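Everything quoted here is computed from the prediction, not taken from an experiment. Throughout, protein chains are lettered first and strands after them, A, B, ... in sequence-line order, and every chain is numbered starting at 1.
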Amino acid sequence: MFGIIDVNNCYASIEALFDPRLRGKPLVVASNNDGCAVARSAEAKALGIKMTEPVHEIRERHPQVIIRSSNYELYADMSSRVMRIIDELVPEQEIYSIDECFCSLRGIADRAALALQVRDRIRLWLGLPVCVGIGSSKTRAKLSNFIAKKRPQYGGVFDIEALSPDQQSELMEGIDVDEVWGVAERTRTKLERLGITNVRQLRDADPEWIRLHSSVVLQRTVEELRGRSCLALELVPAPRKQIVVSRSFGKAATNFQSMREAVVTYASRAAEKLRSEQMVARYLSVFIHTSPFRANDAQYSATRTIKLPNSTNDTMVIAAAAAALLESTYRDGYRYAKAGVMMIDLTPQAHRQADMFESPGNIARRAKLNAVMDRINNTYGRETLRVASSGRSRGWAMKREHLSPRYTTRWSDIVVAHAR
DNA sequence: TCTGGGGTCCTAGGACCC
DNA sequence: TCTGGGGTCCTAGGACCC
C-alpha cells in the first residue's frame with residue numbers, strides 16, 4: 001500500500017507563507033527568465049491561468065495577477081523541512097520531487113489517520129498545505145491524490161481502496177484519462193482514437209492490446225490502475241545518468257563571445273555538480289539553438305558531443321572542451337536563445353580509470369585546485385572564483401525581476417517581527 | 001521585449017561482432 | 001541454385017514527469 005504526499009501549489013504556497021500580503025490573491029510563480037508560469041495559487045488557477053503559460057500574456061490578460069520569480073534556494077530549503085517531517089511519521093519514504101514523496105503504508109492499520117497526522121503536522125509546523133493520496137499501486141495513489149485535491153470535502157486525504165468496486169468504477173468513469181500519471185497530451189489523443197477517454201476505460205482495456213497500440217510503459221500503467229503494483233518504492237536513489245546545465249538567455253545572444261561566456265559558465269557549473277556527487281563524466285555535449293517562438297528569425301540548432309580523453313570532473317578541462325565544442329557548433333548570423341552543456345556516462349570518481357600518459361602529480365594538483373575553488377565558492381557564494389573565459393559582461397544572464405528574499409538560507413534576508 | 005530546467009525511459013534503426 | 005541469425009551497442013527522437 002502506497003501513499004503520495006505533495007504540497008498544494010508548492011511554490012505559490014511558500015511565497016505566500018513568507019509574505020502574507022499574497023494570501024488570497026492570484027499569484028503566479030514564473031520559470032527562470034520570468035518566462036512562463038510554473039506554479040499558480042488557487043486564485044490564479046480560478047482565473048484560468050495554465051501551467052507554462054507565457055508571463056507576458058498573463059500580464060496582458062490579468063494585470064491584477066502578482067508575479068514572483070522562482071526562488072529555488074527557498075523552495076529547496078522548505079522542501080527538506082517537509083520531507084524531514086514526513087520521514088519521522090511514515091515507515092519508508094521515497095522523495096520523488098521537490099514537492100512530493102511516496103511512502104509505504106504497508107501494515108498500517110489506520111492509513112487515513114496517519115495521513116491526517118502528516119497533513120496536520122506539516123500545516124502546524126511549517127504552515128504549508130499538503131494532500132495525501134492512498135492506493136495499492138503508485139498510480140492509484142496518485143489518482144487518490146488528484147481526488148484529495150479536487151474535492152475539499154475529504155479534508156486533503158483520499159483512499160481509493162476504501163471504496164467498493166462499484167464506487168471505484170463510478171469514480172474513474174468521471175475522470176479524464178489524461179489525469180492518470182503517465183498519460184499526457186500525445187497519449188490522450190492516441191487513446192481517444194482508440195475510444196478511451198476516461199480512467200475507467202483505460203483500466204478495463206486489455207493490457208496486451210494497449211502494448212500493441214502504444215508501449216510497455218502504458219501497459220504498465222494499465223496494470224497499476226488495476227491494482228497490480230509494478231513500480232516499487234525506491235528507497236535508495238538510483239545513481240544519476242547525466243547532468244545537464246542549460247539556460248535560456250535573458251536576451252538573445254548574437255555573437256560568439258557571449259555564447260562562449262555562457263557555455264563556459266554552464267560547463268563550470270556542471271563540473272561543480274559532478275564533484276559534489278563524487279562523479280566523473282566520460283562524454284561532454286554542447287547544444288545551442290535559436291528561439292522556435294520567433295517565427296521570423298532564421299532558425300538553427302545543433303548539438304556536438306565528444307568523448308573526453310579521460311573521465312573527469314575538472315572544471316578547467318571541461319570548460320576548455322566545452323569552448324572547443326562550441327567553436328565547431330557555432331554559426332554566425334543567428335539570434336541564439338539558449339545553450340546548454342550535458343555530462344554523460346557518469347561513473348563514481350573512486351572507480352576512475354587512470355591513464356598511463358597522465359602524470360599522477362598533475363592529477364593530484366588539479367584535484368586540489370578544484371577542491372579549493374569549491375571551498376571558496378561554498379563559503380563566499382557561487383562564482384566567487386571562476387574561470388576567466390566565463391566573462392564579465394553577462395548580457396545573456398537570466399532575468400529574475402520579481403525575486404523574493406532567501407528567507408531561510410541567508411542571514412540578511414531573515415524575517416524580522418516587530419511587536420506593537 | 002517576453003514561451004523553464006533537469007531528468008528518465010522506450011523504441012527503432014544502423015553498425016558491428018561472431 | 002544457393003548469400004544467416006542472434007546479440008549488443010549506439011544514436012536520435014519521442015513521450016513523459018515535476
Side-chain angles (χ1 to χ4, degrees), chain A residues 4 6-11 28-40 49-61 67 69-72 75-76 79 94-102 138-139 142 145 177-191 211-221 230-231 234 237-252 266 269-270 273 277 282-283 285 287 289-297 301-305 307 335 337-346 395 398-402:
Chain A
I4 173 100
D6 76 346
V7 180
N8 305 349
N9 311 332
C10 183
Y11 303 163
V28 164
V29 179
S31 65
N32 281 334
N33 260 325
D34 297 340
C36 64
V38 293
R40 303 150 295 155
I49 295 169
K50 300 271 177 284
M51 201 70 169
T52 74
E53 197 169 320
V55 166
H56 66 96
E57 285 176 18
I58 296 173
R59 271 195 231 277
E60 276 163 31
R61 287 199 301 134
I67 309 287
S69 304
S70 22
N71 185 344
Y72 286 102
Y75 310 149
S79 168
E94 171 193 339
I95 297 175
Y96 177 66
S97 75
I98 192 163
D99 77 325
E100 62 189 296
C101 72
F102 286 102
K138 284 181 166 180
T139 304
K142 277 277 204 178
N145 184 279
V177 73
D178 58 353
E179 300 296 350
V180 171
W181 189 39
V183 178
E185 174 67 23
R186 300 299 174 91
T187 308
R188 182 183 63 78
T189 312
K190 188 189 288 181
L191 286 174
R211 190 178 57 81
L212 284 175
H213 285 88
S214 182
S215 67
V216 293
V217 182
L218 194 61
Q219 178 187 25
R220 200 162 54 204
T221 297
C230 308
L231 303 165
E234 285 168 31
R240 219 205 266 256
K241 296 184 174 163
Q242 56 178 37
I243 285 175
V244 179
V245 178
S246 73
R247 297 278 183 284
S248 298
F249 304 136
K251 61 175 200 249
Y266 305 161
R269 180 75 194 117
K273 285 191 184 182
E277 305 201 6
R282 178 95 245 204
Y283 292 88
S285 273
F287 66 88
H289 64 79
T290 50
S291 171
F293 297 106
R294 299 180 61 104
N296 295 329
D297 280 9
S301 83
T303 310
R304 293 269 192 292
T305 306
K307 188 172 185 180
R335 297 170 50 80
K338 183 172 180 175
V341 169
M342 303 169 71
M343 311 301 315
I344 308 160
D345 193 0
L346 310 187
M398 73 178 176
K399 273 196 309 202
R400 288 162 105 190
E401 289 172 354
H402 313 281

* Asked: Within less than 4.0 Å of OP1 or OP2 of B/dT3, is there a side-chain N or O belonging to A/K338?
  -> no
Rounded to whole Å, the NE2-C1' distance (A/H289 to C/dA12) equals 16 Å
Sorted by chain and number, sequence neighbours left out, side chain to side chain contact (heavy atoms under 4.5 Å, CB included) with A/K307 holds for A/R282, A/Y283
Residues passing the side chain to side chain donor-acceptor pair (under 3.5 Å) test with A/E60, sequence neighbours excluded, are none
Original post:
So does A/K273 have more than 12 non-hydrogen atoms from other groups sitting under 6.0 Å from NZ?
Top reply: yes
query = Is there a side chain to side chain contact (heavy atoms under 4.5 Å, CB included) between A/D34 and A/I67 once you walk through the steps?
reply = CA-CA 9 Å; A/D34 297 340; A/I67 309 287; 5.6 Å; no
Original post:
Looking at side-chain heavy atoms only, is the closest gap between A/I98 and A/Y11 below 4.5 Å?
Top reply: yes
Scan nucleotides 14-18 of chain C against the protein and return all N/O pairs shorter than 3.5 Å with their distances rounded to 0.1 Å.
from, atom 1, to, atom 2, distance (Å)
C/dA15, OP2, A/R186, NH1, 2.3
C/dA15, O3', A/T187, OG1, 3.3
C/dC16, OP1, A/A184, N, 3.3
C/dC16, OP1, A/A184, O, 3.4
C/dC16, OP1, A/T187, N, 2.8
C/dC16, OP1, A/T187, OG1, 2.1
C/dC16, OP2, A/R186, N, 3.3
C/dC16, O3', A/G182, O, 3.4
C/dC17, OP1, A/G182, N, 2.5
C/dC17, OP1, A/V183, N, 3.2
C/dC17, O3', A/W181, NE1, 3.2
C/dC18, OP1, A/K142, NZ, 2.4
C/dC18, O3', A/S97, OG, 2.9
C/dC18, O3', A/D99, OD1, 3.0
C/dC18, O3', A/E100, OE2, 3.3

Taken to the nearest whole Å, NZ/A/K399 to P/B/dC2 is 7 Å
Practice task
Provide the distance between the two P atoms, one in B/dT3 and one in C/dC17, to the nearest whole Å.
Solution key: 24 Å
task = Check whether any side-chain N or O of A/S246 sits under 4.0 Å from OP1 or OP2 of B/dG6, and answer yes or no.
result = yes
Looking at every strand, decide which applies to A/R247 at a 4.0 Å heavy-atom threshold: base, sugar-phosphate, or nothing.
sugar-phosphate
Separation of B/dG6 atom C1' from A/M343 atom CE, nearest Å, is 15 Å
Practice item. Look at atom CZ of A/R61 and say whether more than 12 heavy atoms of other residues, nucleotides or ligands are closer to it than 6.0 Å. Key: yes
Rounded to whole Å, the CG-C1' distance (A/N32 to B/dC2) equals 15 Å
* Asked: Is A/R294 near enough to B/dT1 that one of its side-chain N or O atoms lies under 4.0 angstrom from OP1 or OP2?
  -> no
Assign each of A/I243 and A/E57 the nucleotide of DNA chain B bearing its closest heavy atom; nearer the 5' end lies the nucleotide of A/E57
task = Take atom P in C/dC18 and the same atom in B/dC2, then report the distance between them in whole Å.
result = 30 Å
Writing each nucleotide of DNA chain B 5' to 3' as (, ), [, ], | or . by Watson-Crick or G-U pairing under 3.5 Å yields ....||||||||||||||
Whole-Å distance, A/H56 NE2 to B/dC2 C1', equals 5 Å
Rounded to whole Å, the OH-P distance (A/Y75 to B/dG5) equals 15 Å
Smallest heavy-atom separation, A/V55 atom then A/A30 atom, equals CG2-CB, 3.8 Å
Specify whether A/Y266 and A/F249 have parallel, tilted or perpendicular ring planes, treating 30° as the upper limit for parallel and 60° as the lower limit for perpendicular.
-> parallel
Residues at least two apart in sequence or cross-chain that pass ring-ring contact (aromatic ring centres under 6.0 Å, His included) with A/F287, listed by chain then number, are none
When rounded to whole Å, the CG to C1' distance for the pair A/N296 and B/dT1 reads 14 Å
Open item on the list: Please check: side-chain N/O of A/S70 versus main-chain N/O of A/Y72, any donor-acceptor pairing under 3.5 Å?
Closed with: no
query = Salt bridge between A/K50 and A/E57, side-chain N to carboxylate O under 4.0 Å?
reply = no
Identify all pairs in which a protein N or O lies below 3.5 Å from an N or O of nucleotides 8-11 of chain B, and state each distance.
from, atom 1, to, atom 2, distance (Å)
B/dT8, OP1, A/K241, N, 3.1
B/dC9, OP2, A/K241, NZ, 2.7

### Query
Do the ring planes of A/F102 and A/W181 sit parallel (below 30°), tilted (30 to 60°) or perpendicular (above 60°)?
tilted
The residue, A/N33 or A/K251, whose nearest nucleotide of DNA chain B is more 5′ is A/K251
From CZ of A/F293 across to P of B/dC2 the rounded distance in Å is 12 Å
